[in-house]
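Since the structure comes first, as structure tokens, the remarks are kept for the end.
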Amino acid sequence: MTADTEIPAKIRLNAVNKIFTGDRGKLVALQDINLEIGESEFVCFVGPSGCGKSTLLRIVAGLERGFTGDAEVDGSPVNGPGRDRTVMFQEHALFPWLDVLGNVMFPLKLKPGLTDKERIEVAHYYLKLVGLETFERAAIHELSGGMKQRVALARALAPNPRVLLMDEPFAALDAMTREQLYGDLQRIHAARKKTILFVTHNVREAVCLGDRVLLFSPRPGRIRHEFKVDLPRPREFNDTALAALSRDITNELKTILAV
Amino acid sequence: MKNLIAALAIFAALAAGWEYTARNAGDASILIPAPTAVGAYLLKAAKSGELFDATLVTMRRLALGYIFGIAFGIPLGMITARFRLAHNTLGVIALGLQTLPSVCWVPLALLWFGQTETAMLFIVVMGTLWAVILATDHGIRQIPPLYREAAQTMGSSGFHLWFRVLAPASLPHIVSGTKQGWAFAWRSLMAAEIYVTILSGFGLGHLLHYGRELHAMDQVVGLMLLIIFIGFAADKVIFAPWETFLRKRWGLSKS
């Protein structure tokens, strides 16, 4: 196992604006976003569709270009995608021509300074972490939706990124599988201390996972409110304190949207 | 099983109707060979080795032309998918020439290459190449942007992105393209063999053509059946299993 020498990142967004120019004129996707995210902080972006939360995540990922303002990770401006900021998408985005192990090996093979033996060891470590060590030779289409997202999580963690970006990764899963994954993700966050940005439209999910929950409003996309979540970890999705806080946040979200 | 029996019964009824018509056609029976006559021709020609030799000649030509078509078509299709200028030039040429029936290349091929195997090859390649270019181009454009983005966030770029992600991602579409290429190559070759008379080997198309010249309708119909059978077998034996496998594995169809 390679030592975890990389420290989680600090992310700084300063006066970020993003405008999409389409057939029907201009759409302000993000307006004046100012945000600081600390080392190994777990931050959730919550808001209705079209509020720009995914766009902001894609800006940090380096997948979205043509924005104004500064986006910095550890003081260096974001300039295109990179292995230090891996992404987990709503759709698993696993490569069907590779098996489970092949998918987890994909980013590792691109990472210099490792021997092949070390790469395989790292891949095994993360497959074990997500509980799929016995499925390494399985083809992607043979896995259930939840298993696919677990492989995607292992793949995103394997190159030991400084930031993990998650774009509604559990939205397409059933409730049971989702609750299992909340547990897994919290366990992994505790063990690996990644800085995590997590986009969701599910308030309770955000409260269950995040240290901080940011509320977004659409057109123009802005951060409207911020909640600290001080509940003890690991958190249980059906915990009453958690439910109470998520009710408060949902009410706040409703007021924002009603205006 | 029940459906199979029903289908077989219908085919048998059709054959029986055909046989009855042929036997009662009087003078026109020359034009309508009975299924038994066609069967007798096929049996005789198979025994004499004539069919086997002709099939071998045809298949050799087909394989050569097809390999050329694929070998040039796939890389060119990747280029038209990657570069806008190539798409707007070569892509347009491919689109135009693909609409040209390959038999239209025969006069040009004869004047350039004479009655040679090269002329034959040229016609088959012209019939195949454009379809393969278009299918490859289309296949690469069909790749979900998600694959590219996921690969990029893991540090893939340039050649690695092309050969380890985009090429395998487009494989099901490329296989469909090569299947289409095969269909075009097969049609082109039959046109070429019927129109280009050469002495370096008699293919199935030639046999079909001589059947007409000899008024041997049993030969004409027999060869048509054989040509249908070869096309059908290639699709079912070579392409269909591959396509099904890839579509399933790539998650393009539920099965």
Trace of the side chain to side chain contact (heavy atoms under 4.5 Å, CB included) decision for A/Gln149 with A/Met88:
CA-CA 8 Å; A/Gln149 284 305 53; A/Met88 216 182 135; 4.1 Å; yes
Below 30° counts as parallel, above 60° as perpendicular, anything between as tilted: where do the rings of B/Phe202 and B/His206 land?
perpendicular
Checked B/Gly155, B/Ser157, B/Pro168 vs chain A; the most non-hydrogen pairs under 4.5 Å come from B/Pro168
What class does the angle between the rings of A/Phe216 and A/Phe45 fall in, given that below 30° is parallel, 30 to 60° is tilted and above 60° is perpendicular?
tilted
So what's closer than 4.5 Å to chain B heavy atoms on A/Leu108: side chain, backbone, both or neither?
neither
Check each of B/Phe122, B/Trp130, B/Phe113 against B/Trp105 using the ring pair (Phe, Tyr, Trp, His ring centres under 6.0 Å) test, and report the only one that passes.
B/Phe122
Can you say whether A/Glu142 sits under 4.5 Å from chain B via the side chain, the backbone, both, or neither, judging by heavy atoms?
neither
Residue part contacting chain B, namely of A/Leu165, when any heavy atom lies under 4.5 Å:
neither
